[in-house]
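Quick note: numbers below take in every heavy atom, side chains included, and nothing from hydrogens, waters or symmetry partners. Here the structure is a predicted model, which means the values were calculated and not measured.
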Amino acid sequence: MSEQGERVNSGPGGLRLPPFAPGSPSGSVVAAPLADQVFDTLRGWIVNGQLPPGHRLGVRELSEMVGTSAMPVREAVRGLVEAGLAIHEPYKGARVRGLDVGELEHAYDVRILLEGESARLGALTAEPVVAERMREHWVVLQEAARDGDVTEALRRDELLLDALYVATGNDILCDIIHGLWDRCRPYKMLWVSDAAQRGDIDIWHYKPELIAAVEVNDGAEAERILRRSYTAAKSSLRALLTSTSR
């Protein structure tokens, strides 16, 4: 198959994956090296749950899925390992990072620290347009949650929070948080998917409270709301992981 293949690919278990289109995945620049484009595509499949935790990242299989030669795939997989989205096992190759209670605890502790502070700083300096953007994302998030569209709900959740964090004016802090989101995405997918299966949309209940705090520039309240929510999410996820490992 040519390196410009545009077919819809079949992933593990017959899963239908979006086509690989060089120059377009995840908003990548057309001139980006092919390995970077493959990395963006594989990263997207991992963080959206299309390549699940523990899935073996075989170079031959992935080459067929994205429609390229083995070399850019091999480089992309190496990049996934370096980014913490996959782990390399001697003599076995790489696989998507699995879910682990210890990693969950550490990752969410860091999220609580960094995003709590970001919420505080963002709320203190937020112009009215920030709360307006957050409210717009909240409307779409609710619709996605009611429809059981887990991927869109998570995307809108991150867009909502990003609107607040960008208000801090600290690009480095935002970049670090985005990396944490990638690392935590499998856990978030598990949490939201479990809620969707139970028809529970109350997991998002804190969003209106957060938006209200941003509207009045109450940084302390925004931090408190976010810390409380993430602590509850961590506890729920810990229980889920513990029950599924038995």
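Residues Y108 and L180 form no side-chain contact, since every pair of their non-hydrogen atoms from C-beta on lies 4.5 Å or further apart. Counting only heavy atoms from C-beta outward, the side chains of V192 and W204 approach each other to under 4.5 Å. Counting heavy atoms from C-beta outward, R156 and W138 have side chains that stay 4.5 Å or more apart. Residues R111 and W181 are in side-chain contact: their nearest non-hydrogen atoms beyond the backbone lie under 4.5 Å apart. The closest side-chain heavy-atom distance from V73 to M65 is not below 4.5 Å. V130 places a side-chain heavy atom less than 4.5 Å from the side chain of V214. No side-chain heavy atom of R120 sits under 4.5 Å from any side-chain heavy atom of E221. Inter-residue side-chain proximity for V140 and E152 is flagged as met; some heavy-atom pair is nearer than 4.5 Å.
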Evaluate salt bridge (charged side-chain N to carboxylate O under 4.0 Å, His left out) for E89 paired with R56, printing each intermediate quantity in order.
CA-CA 10 Å; E89 299 176 319; R56 187 69 58 187; 2.8 Å; yes
Using the rule given for salt bridge (charged side-chain N to carboxylate O under 4.0 Å, His left out), can you reason through D40 versus R43, listing the C-alpha separation, both sets of side-chain angles and the distance that settles it, and then say yes or no?
CA-CA 5 Å; D40 286 343; R43 171 189 170 278; 5.9 Å; no
In sequence, state the C-alpha distance, the side-chain angles, and the governing distance for E103 and R183, and then conclude on salt bridge (charged side-chain N to carboxylate O under 4.0 Å, His left out).
CA-CA 10 Å; E103 181 184 57; R183 188 70 172 261; 2.9 Å; yes
Could you give me the CA-CA distance, side-chain angles and deciding distance for R60 and E64, then say whether salt bridge (charged side-chain N to carboxylate O under 4.0 Å, His left out) is met?
CA-CA 6 Å; R60 178 179 299 178; E64 293 176 354; 5.8 Å; no
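In terms of the salt bridge (charged side-chain N to carboxylate O under 4.0 Å, His left out) criterion, residue partners of D157 (sequence neighbours excluded) are, by chain and number, K207.
To the nearest 0.5 Å, atoms CG (L51) and CG (L62) are separated by 7.0 Å. To the nearest 0.5 angstrom, L57 atom CG is 7.5 Å from L42 atom CG. Remark: L154 CG to M189 CE distance equals 6.0 Å, nearest 0.5 Å. A distance of 11.5 Å separates CG in L210 from CD in E223, rounded to the nearest 0.5 Å. The distance from the OH atom of Y230 to the CD1 atom of I112 is 9.0 Å, given to the nearest 0.5 Å.
More than 12 non-hydrogen atoms from other residues, nucleotides or ligands lie less than 6.0 angstrom from NE2 of H88.
For residues 128-146, the set of pairs meeting the salt bridge (charged side-chain N to carboxylate O under 4.0 Å, His left out) definition, not counting sequence neighbours, comprises R135-E215.
A donor-acceptor pair under 3.5 Å is absent between the side-chain atoms of S229 and the main chain of I225, judged by distance alone. Within the 3.5 Å criterion, the main-chain N or O of G102 finds a donor-acceptor partner in the side chain of D100.
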For residues 167-178, dump all side-chain donor-acceptor pairs below 3.5 Å to protein atoms at least two apart in sequence or in another chain.
from, atom 1, to, atom 2, distance (Å)
T168, OG1, Y165, O, 2.7
T168, OG1, N170, N, 3.2
N170, OD1, I172, N, 3.2
N170, OD1, L173, N, 2.9
H178, ND1, C174, O, 3.4
H178, NE2, D162, OD1, 2.8

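The side chain to side chain contact (heavy atoms under 4.5 Å, CB included) test with L226 singles out one residue from L164, L161, T231, and that residue is L161.
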